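Below: one structure, written as structure tokens.
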Amino acid sequence: MSTSPIDATTTAAWRALSEHRDAFRGDLRGWFAADPQRAERLTRTAGDLHVDLSKNLLTDETLELLVRLADEVGLRGRVDAMFAGEHINTTEDRAVLHTALRRPAGAEPALVVDGQDVDADVQEVLAQVAEFAEKVRTGEWRGVTGAPVKTVVNIGIGGSDLGPVMAYEALKPYVGDIEVRFVSNIDPTDVAETTAGLDPTTTLFIVASKTFTTLETLTNARLAREWLWETLTAAGAIDGSEASRADAVAHHFVAVSTALDKVEAFGIDPANAFGFWDWVGGRYSVDSAIGLALAIAIGPDAFGELLEGFHTMDEHFRTTPFEQNVPALMGLLNVWYVNFLDAHSHAVLPYAQHLHRFAAYLQQLTMESNGKSVRWDGSPVTSQTGEIFWGEPGTNGQHAFYQLIHQGTRLVPADFIAVATPAHPLRDGEADVHELFLSNFFAQTKALAFGKTADEVRTEGTPEAIVPARVFSGNRPTTSIMAPALTPAVLGQLVALYEHITFVQGIVWGINSFDQWGVELGKKLAMEIAPAISGDDEALAAQDASTKGLIEYYRAHR
Ligand code: F6P
């Protein structure tokens, strides 16, 4: 993208927002009392998602100014540039086309980027993924002894792990007979415990790595390969010769990567490798071949429904005016909270146990994307950027950290997410447990918005001395997202929603949300430090005093 970012802080809308903020007093009680239509007016629909923005700290004027800000920073043009495949990832000179991964087959006009028919490429890999997934699911794909696959182990980290795990957990009711396990950490505990108890003859490893250079993933892949060879040899399934080992890898290892040459060098047959492209960021890749483990688990049809869900949200984002555009509005609201109301973090609280890895997934999506201090032209940012995303499923969080959200001194905007139809409609006697669960969602957002005054506390007969401790200020902002059920399509819509929220914030801040240089330095230093740990005194002497002390402690106690 050659266009320089527009400095949002110099726009008329930003100035107007600052003045608006100076006079702003959150009054959700008053606003709701004065306007019976507030909830209706501030609820939007995107695909299957019902999104109630009314319990946010905003007035009509706030909304109008935020939309104006979007216009003044050229959001519409940036959206079009992304969908068209312009090289908006400036530091890597790449297009950003995760939205192409979910375009339906035969979409018109065809998407040709940098001379390449992107649609054709995507459909080709998708067909390979579907065919392979079906082979594994039907038992046509067999291990070295002829046994069908019962367990898939996905080896990856970051975007090559968090998306697939999150989606696998979210779509558990759609998972067939094949179990998927995930290894990500280079802590050897992870491989050891994940492979524990597995039968090597029925285990398939997927090495998922965009670059195929990631230390954790390649180390874990080698450990898994050793485990495979040893356990197959011990079981008499292979004779341990080089040829039998190669045969074992051919039957029990496949890979997903953009670097197919490196896959081959690892010993995996390129015929068993599934590609993707440099225009898919790792944290935006769950809907690429990186989702292979998921496609095996839930089947190609359900995987296709997931992609349709993504596309529904893409189209909503691409074509809907900002006043009605859910990702645009949620992204702009986040800007309002971060830059004008001094919020430092944002909680995501799914009232859906199946979304228990959603916040972890969003942490990479949002924080690796928008945790930046320079803009896409290299100049320093002109305002605060990426807030800290965090969360846990309700109701667990209620009994842990909600205290701070209700009564702490910090503003923590929160997204509550729930579905109407549960996967397991259980009853506790007369009580529908899902309804009990949802009543907590509604109660929490109500308490956060409207609080409890000192007079209300007193009316309950509370002793005066503890009245202050029992007051809830209210005016704690929440967005409520509901959907009919956690189907693959709904999950796709949810993930795409947050992808686009992240993008909107990045555009307002003028940053490139698609590179991640901030992870490089630590990786490089780890390689330099490794010899010092294993005994190289010269390398040890080169360390700073604190690092040296820590390494010496390790050496003394190992
Ligand atoms: O270190 C950060 C990162 O590059 C992420 O952006 C990425 O998702 C992860 O590492 C894994 O990378 P790869 O898929 O290339 O192994």
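Here the structure is a predicted model, which means the values were calculated and not measured. These values consider heavy atoms only, across backbone and side chains, with no hydrogens, waters or symmetry-generated copies.
More than 12 heavy-atom neighbours from other residues, nucleotides or ligands sit within 6.0 angstrom of CG on Asp261. Counting heavy-atom neighbours within 6.0 Å of Arg357 CZ, excluding the residue itself, gives a total of 12 or less. Counted within 6.0 Å of NZ on Lys172, heavy atoms from surrounding residues, nucleotides or ligands total more than 12; the atom is thus considered enclosed. By the neighbour-count criterion of 12 heavy atoms within 6.0 Å, atom CD of Glu40 is sparsely surrounded, having that number or fewer from other residues, nucleotides or ligands.
Ser369 places no side-chain N or O within 3.5 Å of a backbone atom of Thr366 that could act as its donor or acceptor partner. One N or O on the side chain of Ser257 and one on the backbone of Lys210 form a donor-acceptor pair closer than 3.5 Å. With hydrogens and angles disregarded, a donor-acceptor distance shorter than 3.5 Å links the side chain of Asn325 to the backbone of Thr320. A donor-acceptor distance shorter than 3.5 angstrom exists from the side chain of Asn370 to the backbone of Thr502, with no hydrogens or angles considered. Side-chain atoms of Asp119 come within 3.5 Å of backbone N or O of Leu111 as a donor-acceptor pair. Using a distance-only test at 3.5 Å, with no hydrogens or angles considered, a donor-acceptor pair links the side chain of Tyr168 to the main chain of Val180. In this structure, the side chain of Arg375 does not engage the main chain of Gly510 through any donor-acceptor pair within 3.5 Å.
Considering OG of Ser285 and CD1 of Ile290, their distance stands at 4.5 Å, rounded to 0.5 Å. Within the model, atoms CD1 of Ile206 and CZ of Phe253 stand 11.0 Å from one another, a figure rounded to the nearest 0.5 Å. Put simply, CD on Gln505 and CD1 on Ile511 are 8.5 Å apart, with the number rounded to the nearest 0.5 Å.
Annotation: ring-ring contact (aromatic ring centres under 6.0 Å, His included) contacts involving residues 306-325, sequence neighbours excluded, comprise Phe317-His500. Residue pairs meeting the salt bridge (charged side-chain N to carboxylate O under 4.0 Å, His left out) criterion with at least one partner in residues 43-63, sequence neighbours excluded, are Arg41-Asp60. The salt bridge (charged side-chain N to carboxylate O under 4.0 Å, His left out) analysis of residues 307-326, with sequence neighbours excluded, yields the pairs Arg102-Asp314, Glu315-Arg318.
In summary, the aromatic rings of His98 and Trp277 are positioned with their centroids too far apart to meet the 6.0 Å limit. Here the two rings, on Phe24 and Phe340, have centers that are 6.0 Å apart or farther. Taking the centre of each ring, Tyr284 and Phe514 come in below the 6.0 Å mark.
The two residues Thr478 and Asn56 have their closest heavy-atom pair at O-ND2, 3.3 Å. Considering every non-hydrogen atom in both Gly47 and Thr312, the closest pair reads CA-CG2, 3.7 Å.
The shortest distance between side-chain heavy atoms of Phe205 and Val254 does not fall below 4.5 Å. Proximity of Asn185 to Glu216: side-chain heavy atoms (C-beta onward) are nowhere separated by under 4.5 Å.
In this structure, Tyr351 and Phe437 have tilted ring planes: the angle between them lies in the 30° to 60° band. Classified by interplanar angle (parallel below 30°, tilted 30° to 60°, perpendicular above 60°), the ring pair Phe416/Phe441 is perpendicular.
The closest side-chain donor-acceptor pair between Glu169 and His356 falls under 3.5 angstrom. Neither side chain, Asn440 nor Thr395, offers a donor N or O lying under 3.5 Å from an acceptor on the other. Judged purely by distance below 3.5 Å, without hydrogens or angles, the side chains of Glu368 and Gln363 never pair a donor atom with an acceptor atom.
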Worked check of ring-ring contact (aromatic ring centres under 6.0 Å, His included) between Phe358 and Tyr498: CA-CA 11 Å; Phe358 196 58; Tyr498 281 92; 5.6 Å; yes
